[in-house]
Amino acid sequence: MNSQTAYFPPFTVDFDLQAGIMLNPDRSKSTRASTMIPYYRDRAAIEALAADGDPVHYEVFEKNIPTEEGHIMICISKLLPGKIGDEFFMTKGHYHQRIATAETYLCLSGEGFMLMKTPEGECRAESFRPGRMVYVPPYWAHRSINTGKTPLITFCNYPAHAALNYGDILTEGFPKLIVDSAQGPALVERGS
Ligand code: NI
């Protein structure tokens with residue numbers, strides 16, 4: 001063993017892949033509508049939802065894994081369906097603090113997109129469907145968007161020392177949005 005990564009015993013995690021549930025998570029974090037107020041274009045609509053019971057927007061379930069280089073964080077993300085104005089429900093999005101770290105998201109249930117951007121401003125969207133994995137390369141900020149009628153459930157893995165950076169993407173915003181249109185979900189410029 002190298003000197004930087006401490007001894008850690010093996011363990012197992014059980015999933016219900018049909019339901020998209022981690023059966024024995026050590027912790028979960030819920031993000032409610034009120035937290036999402038700065039993120040949507042239609043501020044009145046998200047404020048109205050926050051004032052109307054402030055429902056859960058998304059939940060993340062994790063295991064207690066040391067946040068040290070060498071470990072892999074494992075999580076389930078459950079993003080509920082809905083719209084704020086014409087924008088579909090989404091997560092805040094983040095860069096990794098150690099920005100040169102990648103992440104994989106395997107879609108277990110639901111449909112939607114992973115919206116990604118680089119610090120230089122390149123923006124891409126890749127679609128989620130059950131059984132499809134999105135590879136988020138190093139340097140790309142990422143946000144999940146649920147364009148379906150059921151929860152979008154993804155299984156994520158990333159280097160455990162990556163740490164999440166929400167501040168920079170909150171300041172920058174994503175240059176594109178996924179909105180509902182007559183032709184279905186559409187990727188549009190934020191200013192449009
Ligand atoms: Ni991430």
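Just so you know, these numbers come straight off a predicted model, no measurement behind them. Atoms within each ligand, like the ligands themselves, are counted from 1 in listed order.
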Participant: Using 0.5 Å steps for rounding, measure from the NE2 atom of H96 to the OH atom of Y139.
Facilitator: 13.0 Å

Participant: At less than 2.8 Å, would any N/O/S atom of H96, backbone or side chain, sit next to the Ni ion (ligand 1)?
Facilitator: yes

Participant: Taking the basic N atoms (NZ, or NE/NH1/NH2) and the acidic carboxylate oxygens, is any pair closer than 4.0 Å for E172 and K117?
Facilitator: yes

Participant: Determine which of the N, O or S atoms in E103 is closest to the Ni ion (ligand 1) and give its atom name.
Facilitator: OE1

Participant: Tell me the angle that NE2 of H94 and NE2 of H142 form around the Ni ion (ligand 1), rounded to 10°.
Facilitator: 90°

Participant: Kindly give the heavy-atom pair with the smallest separation between C123 and P175, and that separation in Å.
Facilitator: CB-CG, 3.6 Å

Participant: I need the E126 CD to C107 SG distance, nearest 0.5 Å.
Facilitator: 13.5 Å

